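First up is the structure itself, then whatever we jot down about it.
In what follows, every heavy atom counts, from backbone to side chain, and hydrogens, waters and symmetry copies are set aside. Ligands are counted one by one from 1 in listed order, and the atoms in each one are counted from 1 as well. Predicted model, so just to flag it, every value in this text is computed and none were measured.
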Amino acid sequence: MAMRSKLVAGNWKMHGELVQNQDLLKRIMLETAEPGEVDIAVCVPYPYLPQAQSVLRNSHVFWGAQNVSQHEKGAYTGEISTAMLADFGCRFVIVGHSERRALYGEDNRTVALKFKAAQAAGLMPILCVGETLDQREAAVTEQVVAEQLDAVIELAGAEALGKAILAYEPVWAIGTGKTATPQQAQEMHGFIRDRIAVSNPQVARELRILYGGSVKAGNAAELFAMPDIDGGLIGGASLIADEFISICRAAKN
Ligand code: 13P
């Protein structure tokens with residue numbers, strides 16, 4: 001069976017506040033410290049990166065951001081560069097989250113550029129792919145996800161996925177309480193791995209593919225039990241210490 005260690009990453013989205021963050025970060029750090037094979041990360045809003053760094057430094061918990069500019073530096077008012085994220089000790093950065101794609105017009109090409117820029121700065125991109133409900137109902141799920149993947153493979157090469165994490169997040173399952181069934185998720189994770197295997201079988205075998213979309217303490221274990229699900233990208237439940245800690249524990253079993 002797979003030798004991939006699981007990864008549970010929190011995506012706080014636009015949530016957080018200094019005092020509450022401190023408690024949440026400390027609890028995650030202290031209450032997931034018992035031995036077990038799982039990597040844990042929190043992707044926090046930019047202003048809280050120094051806080052994450054100061055609490056989590058020297059711990060087993062990684063931190064990262066939720067977006068990044070594809071440009072190195074320059075006249076890009078309001079943008080944040082990969083070097084800035086590296087400066088604050090980020091290990092991970094989410095690229096191509098469906099909310100960025102839908103609300104901020106990020107297309108496959110832009111996402112691929114962000115992916116490549118992140119790697120150039122030594123960050124590990126968490127590349128999000130996934131279909132909308134309309135697309136699933138129109139039976140174009142595989143085509144949509146293949147195009148999202150191929151844009152990155154064409155720009156960065158399949159080997160580049162060896163230094164990245166993938167997250168399959170069906171848009172209809174995000175924030176809706178409507179989780180994909182373990183079988184539905186497994187089907188797409190298998191599809192993604194097979195597609196990458198065509199270009200590079202070793203990278204495909206070793207790649208961690210996270211599931212995201214209404215993962216909670218109550219459904220994490222059954223999702224993580226599937227052969228091609230290597231952890232989760234957690235939205236709402238990552239803001240609740242008990243929930244997130246339980247999800248991390250479910251990934252250890
Ligand atoms: P929820 O866990 O809130 O459904 O969000 C999933 C997500 O978008 C993680 O990136």
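With respect to Asp228, the salt bridge (charged side-chain N to carboxylate O under 4.0 Å, His left out) criterion is satisfied by exactly one of Arg195, Arg208, Arg193: Arg193.
A donor-acceptor contact closer than 3.5 angstrom is absent between the side chains of Gln148 and Asn108. Side-chain contact of Gln135 with Thr132: a donor-acceptor pair under 3.5 Å is present, judged by distance alone. Side-chain N/O atoms of Glu187 and Gln183 include no donor and acceptor closer than 3.5 Å.
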Show every donor-acceptor pair shorter than 3.5 Å between a side-chain atom in residues 156-173 and any protein atom, with sequence neighbours excluded, or say none if there are none.
from: Tyr168; atom 1: OH; to: Glu131; atom 2: OE1; distance (Å): 2.8
from: Tyr168; atom 1: OH; to: Glu131; atom 2: OE2; distance (Å): 3.0
from: Tyr168; atom 1: OH; to: Arg136; atom 2: NH2; distance (Å): 3.3
from: Glu169; atom 1: OE1; to: His97; atom 2: NE2; distance (Å): 3.1
from: Trp172; atom 1: NE1; to: Glu131; atom 2: OE2; distance (Å): 2.8

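Protein residues with any heavy atom under 4.0 Å from ligand 1: Asn11, Lys13, His97, Glu169, Ala173, Ile174, Gly175, Gly213, Ser214, Leu233, Gly235, Gly236.
Between His189 and Tyr211, the two ring planes are tilted [angle within 30° to 60°].
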